[in-house]
> 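My questions will all concern the structure given below.
All values reported here derive from a predicted model rather than from experimental measurement. Reckoned from all heavy atoms, side chains included, excluding hydrogens, waters and symmetry mates. Counting starts at 1 for both ligands and their atoms, in listed order.
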Amino acid sequence: MSATTASERPAAPFQTESFRLARPQLVGPDEPESPFPIKLAGPVQKGFGRGGKDLGCPTANLPDEATEAMTVVAKTGVYYGYAQVIPPAERMGEFEKGELAVLPMVMSLGWNPFYDNKKMTAEIHIMHGFKGDFYGIEMRAIVLGYIRPELNYTSRDALIADIETDKQVALRCLERPGYHTYAEDKHFNL
Ligand SMILES: Cc1cc2nc3c(=O)[nH]c(=O)nc-3n(C[C@H](O)[C@H](O)[C@H](O)COP(=O)(O)O)c2cc1C
């Protein structure tokens, strides 16, 4: 999987009620296993802006180079880990102290079949209520594990409900000591 053009876009299966009911609350091993951890960095790009408006879940799009770094996992889907925004000195005033911490995140890597995107994206939702947006600002992230495949949805509410479950699963997964330690990794600005 290297690519980002419509001709290579795979079809995603639809979410089913049995998938929803069978979702585990904790996924993956006790500590990250290869190819994780995967370290990503780059300035936040403008997406379509639907994450915040339509889904109540704003996401920061990473640049293509960061998406390329994810090709080692060779599968689209939802991942969890940590992320941090690192504003330059002149934009520091736009952020509150707590917004500059290393924070838990969920990442969607894929084609957003529900929205029929023509390009693959890596989008990060940081689990914190930010007051502003951070287009153009450096984001660093460490991806530590995989949660589920990317799916198509027959309703927006079903997508919203799955994203809510993703967040809970991610927080639970990161509580494990073998993952928690990556919040203090040298990749971040501590
Ligand atoms: C945790 C998480 C899981 C997601 N899972 C899916 C998914 O399974 N299928 C899908 O079509 N989009 C999924 N999305 C992506 C949303 O469709 C995407 O964030 C939305 O299109 C907003 O993008 P935009 O801000 O560029 O408009 C997910 C997003 C997040 C944050």
> Please list, in number order, the atoms of ligand 1 under 4.0 Å from a heavy atom of Thr59.
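Listed by number with element: 19 (O), 25 (O), 31 (C).
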> Quick check on contacts: which atoms of ligand 1 are under 4.0 angstrom from a heavy atom of Leu159?
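Atoms satisfying the 4.0 Å criterion: 5 (N), 6 (C), 7 (C), 13 (C).
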> Answer with yes or no whether the side chains of Asp54 and Tyr115 bring together a donor and an acceptor at under 3.5 Å.
yes
> Taking the minimum heavy-atom distance to atom 22 (C) of ligand 1, which of Gly47, Ala158, Gly51 ranks first?
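Comparing heavy atoms across Gly47, Ala158, Gly51, the nearest one to atom 22 (C) of ligand 1 lies in Gly51.
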> What atoms of ligand 1 come within less than 4.0 Å of a heavy atom belonging to Val106?
1 (C)
> Working to the nearest 0.5 Å, report the span between CD of Glu31 and OH of Tyr179.
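It is 8.0 Å, given to the nearest 0.5 Å.
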> Who gets closest to atom 9 (N) of ligand 1 by heavy atom: Ile147, Val169, Leu151?
Leu151
> Quick one: sort the Phe95 and Phe134 rings into parallel, tilted or perpendicular, breaks at 30° and 60°.
tilted
> Spell out, yes or no, whether Tyr79 and Leu171 are grouped together once hydrophobic residues are joined by side-chain heavy atoms under 4.5 Å, including indirect joins.
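Different clusters.
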> Checking a contact table here: which protein heavy atom is nearest atom 21 (O) of ligand 1, and how many Å away?
Tyr115 CD1, 3.0 Å
> Is it true that the side chains of Asn112 and Glu123 contain a donor and an acceptor less than 3.5 Å apart?
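A pair is found: one side chain offers a donor N or O, the other an acceptor, under 3.5 Å apart.
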> Around atom NZ of Lys186, are there more than 12 heavy atoms of other residues, nucleotides or ligands at under 6.0 Å?
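It does not: Lys186 NZ has 12 such atoms or fewer within range.
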> Going from SG on Cys173 to CD1 on Ile147, what distance comes out if it is rounded to the nearest 0.5 angstrom?
6.0 Å
> Is any side-chain heavy atom of Ser108 less than 4.5 Å from a side-chain heavy atom of Thr121?
no
> Got an N/O contact under 3.5 Å between Pro149 and ligand 1?
no
> Could an N or O of ligand 1 be found under 3.5 Å from any N or O of Phe48, whether backbone or side chain?
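Yes, Phe48 has an N/O under 3.5 Å of an N/O on ligand 1.
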> Before signing off on this row, confirm whether Pro113 and ligand 1 have an N or O atom pair separated by under 3.5 Å.
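Yes; the residue has a nitrogen or oxygen that sits under 3.5 Å from a nitrogen or oxygen of the ligand.
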> When you compare ligand 1 with Arg50, is there at least one nitrogen or oxygen pair between them that comes in under 3.5 angstrom?
yes
> Taking all atoms of both residues into account, what is the closest heavy-atom pair of Asn117 and Arg50, and its distance?
OD1-NH2, 3.1 Å
> Can you figure out which of Asn112, Leu55, Val78 has its heavy atom closest to atom 12 (N) of ligand 1?
Asn112
> Given Gln15, Arg148, His125, identify the one with the heavy atom nearest to atom 8 (O) of ligand 1.
Arg148
> Between ligand 1 and Trp111, can you find any atom pair, the residue atom being a heavy atom, that is separated by under 4.0 Å?
no
> In ligand 1, which numbered atoms sit nearer than 4.0 Å to a non-hydrogen atom of Phe114?
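Counting atoms of ligand 1 from 1, those under 4.0 Å from Phe114 are 11 (O).
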> Can you name the atoms of ligand 1, numbered from 1 with element, that are less than 4.0 Å from a heavy atom of Tyr153?
7 (C), 8 (O), 9 (N)
> Using heavy-atom distances only, which candidate in Glu123, Lys167, Arg156 approaches atom 23 (O) of ligand 1 most closely?
Glu123
> If you draw a 6.0 Å radius around NE2 in His128, do more than 12 non-hydrogen atoms from other residues or ligands fall strictly inside?
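More than 12 within 6.0 Å, yes.
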> Using heavy atoms and a threshold below 4.0 Å, how should the contact between Asn152 and ligand 1 be classified: side chain, backbone, both, or neither?
neither
